[in-house]
Amino acid sequence: MKKLLCLLLALLMCAGTFSLAAFAAGDAVVYLDNVAGNDDNDGMSADAPKKTFGSLTGKGSLAKVRNGGTVVVVGKAWVGKDWTMPATSGAVTFTSAYGGKDYKITTPETNPDTSFKMASGAVLTIESDVIFDDIVLFQENKQNTVKVSAGATLTVTDKAVLMSKPGKNYHWRILLEDGATAILSEEAQKTMTIDGTGGKVLTWTSATTDPVDSGIKVGETTDAPQAGAVDLAYLDAVAGNDANDGLSGTTPKKTFGVTTGKGVLGLLENGGTAVVVGKAYVSRDWTMPVLSGAITFTSNDGTKDYKNAEPIENPACAFKMASGAVMTIESDVIFDDIILFQENAQNTIKVTSGATLIITDKAVLMSKPGNDYHFKIVIESGATAILSEAAQKTMTIENSGNLETYASTDAPDAPKFSPSRAYQNQFTDVTNEKWFYSFVKTAFEYTLANGTSDTKFSPDGKFTVAQALTAAVNIHKAYNGTTVRAAAAGEAWYVPYVEYCVANGIIKDGQFADLNANIKRGDMAIVFANILPESEYKAIRTKVLPDMTAGMASAAAVQKLANAGIVGGDSGTGNYRPNDEITRAQACVIFTRIAVADMRDAK
């Protein structure tokens, strides 16, 4: 039956005349609004919706779709208590977009006018196939749960809008029984909590292609990470504790330890990355245990740069050794994007035969004020040291083995941004006669913006603060070669992006009170004036914007972008209009002019 349904979906989508909401196993359609509806209505239009779900044989909406079909939510769909949805003989789709009309209203953000929501902490159990498509799924107070019974399938498509009440950092919990299936969009997998006793989780791709394995395993329990079980661990000799799991910057290990112990090396027996978030301290002469792979010491995990060079006589975040101590390495060690601090009597790193020491050009070499030396590097016969030019000039080198100069992996002359896909005029609302065509086209080709569907871009739609910060992070990552962590279970999808922005100085913590609000043009300028080095904002003109005055919070950022040819005024007055909400098309102007200098306006 499922294969037949998938085939039917594909054929209908190829025809290009139906929305996913029409693809339920039955063809019945009923309208639902718990606020304005009435179960005495026929439920056949948005003007006469049903009020409740009801039963398969009652007056509510489910009686209309007992053989499968579409429930069009035009107001509230409300699960008022723990409830088991009766098993229908076909799939039921809940949507707020049907018949060419979109009924979604996402305001107020504290309780959207159109949404599927549940009472605080309520559990919805489904015993047959349910699809949420193009509808607001709202998490209000205490976390809600959707329990998927054996043999049932829950689908949340990429058109579902996942909203949580401001102040809540979680969304629904998806609880899978053995034999149950959840087909979830990537956003749903990042935003919702997924667990249970078994079942499988697939990734929603589109209505025309089969879902793929998500890689998420449900019902499998694991003990604390064992040696070699991870490739990234955190270390802080001051604030850490070897009883911590060592898997985050807030739960670091305290010591290096041994490969069979509780320290950071107990997690990295097979090599990997030790992120130093405070002090890494070699307290005496020490031989690092032999690992089966290279270990990198860094203070930048790609989402946050922990380096702290203050105070200069003893940096708060650095790799350091006791006065005169010698560290011997017998396998490969890399120091990258970390402070190496020389305190008192000269320290030594001895590289033994067969081992390689690498110090990249991102390593910061600091010595305690008054010292005119740094580490001594002793390269034994058969050993290799690959050192940056700065390291070779600053450190003492005793060389019986092989000394090489570290070649930066950066390519400063290569473009930081490049197209990765082609625009084939697939967005029917982005055609070449529109003023924004070249900007949207370029933003899409450079993977700086996506459509709101396979065929629509929605150029007049608005950008939320969270979406703007995500776009800023994507540009910053492309420029710097960094990464952003995935959202944790139960965490809002945008939290890692906000953290990244704060950690990298793009915004200040708490700068935006409402991340789901539409961002204004002035605030957009403040964010995007901070994502690249100053050299990338070189002035190519002096632009006058009549409505921008020096006392405005966004004045400096707007002027910076305007002089760089990235933003301008409107065609009528020349005003920037900082208090207007920015549209998706206008945002693409900023994206493309930041990434592609040739598109900047020098007039």
Side-chain angles (χ1 to χ4, degrees), residues 158 415-479 494 497 501 506-507 515 517-532 536-537 540-541 543 545 554 557-558 560-572 574-603:
D158 55 1
K416 296 289 187 178
F417 306 95
S418 59
S420 59
R421 59 187 179 183
Y423 179 63
Q424 299 176 328
N425 293 319
Q426 60 266 48
F427 300 138
T428 58
D429 51 5
V430 181
T431 50
N432 57 14
E433 76 278 4
K434 302 288 180 64
W435 71 265
F436 49 76
Y437 175 80
S438 62
F439 296 107
V440 174
K441 174 179 180 291
T442 303
F444 177 84
E445 290 177 338
Y446 280 65
T447 323
L448 302 176
N450 293 309
T452 55
S453 73
D454 291 340
T455 59
K456 297 288 185 182
F457 185 78
S458 304
D460 295 324
K462 301 299 173 59
F463 249 55
T464 67
V465 173
Q467 291 167 340
L469 296 182
T470 300
V473 169
N474 288 337
I475 293 174
H476 188 274
K477 289 194 302 144
Y479 187 91
Y494 51 74
Y497 294 91
C501 285
I506 298 172
I507 65 171
L515 294 166
N518 292 336
I519 193 168
K520 295 180 179 180
R521 288 167 54 84
D523 288 327
M524 189 80 168
I526 292 172
V527 172
F528 281 81
N530 281 330
I531 61 174
L532 297 182
E536 298 293 346
Y537 297 100
I540 59 175
R541 64 181 181 180
K543 186 69 174 178
L545 301 167
S554 61
V558 171
K560 176 180 175 179
L561 296 183
N563 289 347
I566 295 170
V567 302
D570 63 35
S571 58
N575 289 332
Y576 181 74
R577 308 192 314 274
N579 293 320
D580 286 3
E581 294 176 349
I582 198 165
T583 67
R584 288 170 53 81
Q586 293 167 348
C588 285
V589 175
I590 295 178
F591 300 162
T592 55
R593 285 179 171 171
I594 281 181
V596 186
D598 290 345
M599 296 188 72
R600 297 186 182 185
D601 185 4
K603 296 179 182 179

Provide the closest heavy-atom pair for I582 versus K462 in the form atom of the first, atom of the second, distance. O-CD, 3.4 Å
Quick one: OG1 on T583 to CZ on R521, what's the gap to the nearest 0.5 Å? 8.0 Å
Side-chain donor or acceptor of R584 paired with backbone N/O of F457 under 3.5 Å: yes
Correct closest heavy-atom pair for V473 and C501 would be CG2-SG, 3.4 Å
Crowding at NZ, K520 (>12 non-hydrogen neighbours, <6.0 Å): no
Gap between atom CD1 of I590 and atom CZ of F463 - 0.5 Å precision: 9.5 Å
Say whether, by atom type as modelled, one donor and one acceptor occur between the side chain of N575 and the main chain of R577 under 3.5 angstrom. no
Would a distance-only check, ignoring hydrogens and angles, find a side-chain to backbone donor-acceptor pair under 3.5 Å from R600 to I594? yes
G574 to L545 - nearest heavy-atom pair and separation: O-CD2, 3.5 Å
Quick one, L469 and V465 - any side-chain contact, counting heavy atoms below 4.5 Å? yes
Is there a side-chain contact between I475 and L448, using heavy atoms and a 4.5 Å cut-off? yes
Minimum heavy-atom separation for Y537 to A564, with atom names? O-CB, 3.7 Å
Inter-residue atom distance N474.CG - I531.CD1, 0.5 Å rounding: 10.0 Å
Which pair of non-hydrogen atoms, one from S438 and one from M599, has the smallest distance, and what is that distance? O-CE, 4.0 Å
Pair T464, L515 - check side-chain contact (heavy atoms from CB on, under 4.5 Å), show working. CA-CA 7 Å; T464 67; L515 294 166; over 6 Å; no
Heavy-atom pair with the smallest gap, counting every atom of A525 and A557: O-CB, 3.6 Å
Stepwise, does the salt bridge (Lys or Arg N to Asp or Glu O under 4.0 Å) test hold for K434 with D429? CA-CA 9 Å; K434 302 288 180 64; D429 51 5; over 6 Å; no
Y494 side chain vs T470 backbone, donor-acceptor pair below 3.5 Å: no
As a test of understanding, state which of F528, Y446, F417 forms a side chain to side chain contact (heavy atoms under 4.5 Å, CB included) with F591. F528
pair V589-W435: side-chain heavy atoms closer than 4.5 Å: yes
How many angstroms lie between CD in Q424 and NZ in K441, if you round to the nearest 0.5 Å? 10.5 Å
Under the criterion side-chain contact (heavy atoms from CB on, under 4.5 Å), I'd like the reasoning laid out for Y423 against V430: C-alpha separation, chi angles, the key distance, then a yes or no. CA-CA 10 Å; Y423 179 63; V430 181; 3.4 Å; yes
d(T452 OG1, D158 CG) to nearest 0.5 Å is 10.5 Å
I'd like to check T431 versus N425 (side-chain heavy atoms, cut-off strictly below 4.5 Å). Are they in contact? no
Side chain of N563, backbone of K543: donor and acceptor closer than 3.5 Å? yes
Within this structure, what is the CZ-CZ distance for the pair R593 and F439, rounded to the nearest 0.5 Å? 4.0 Å
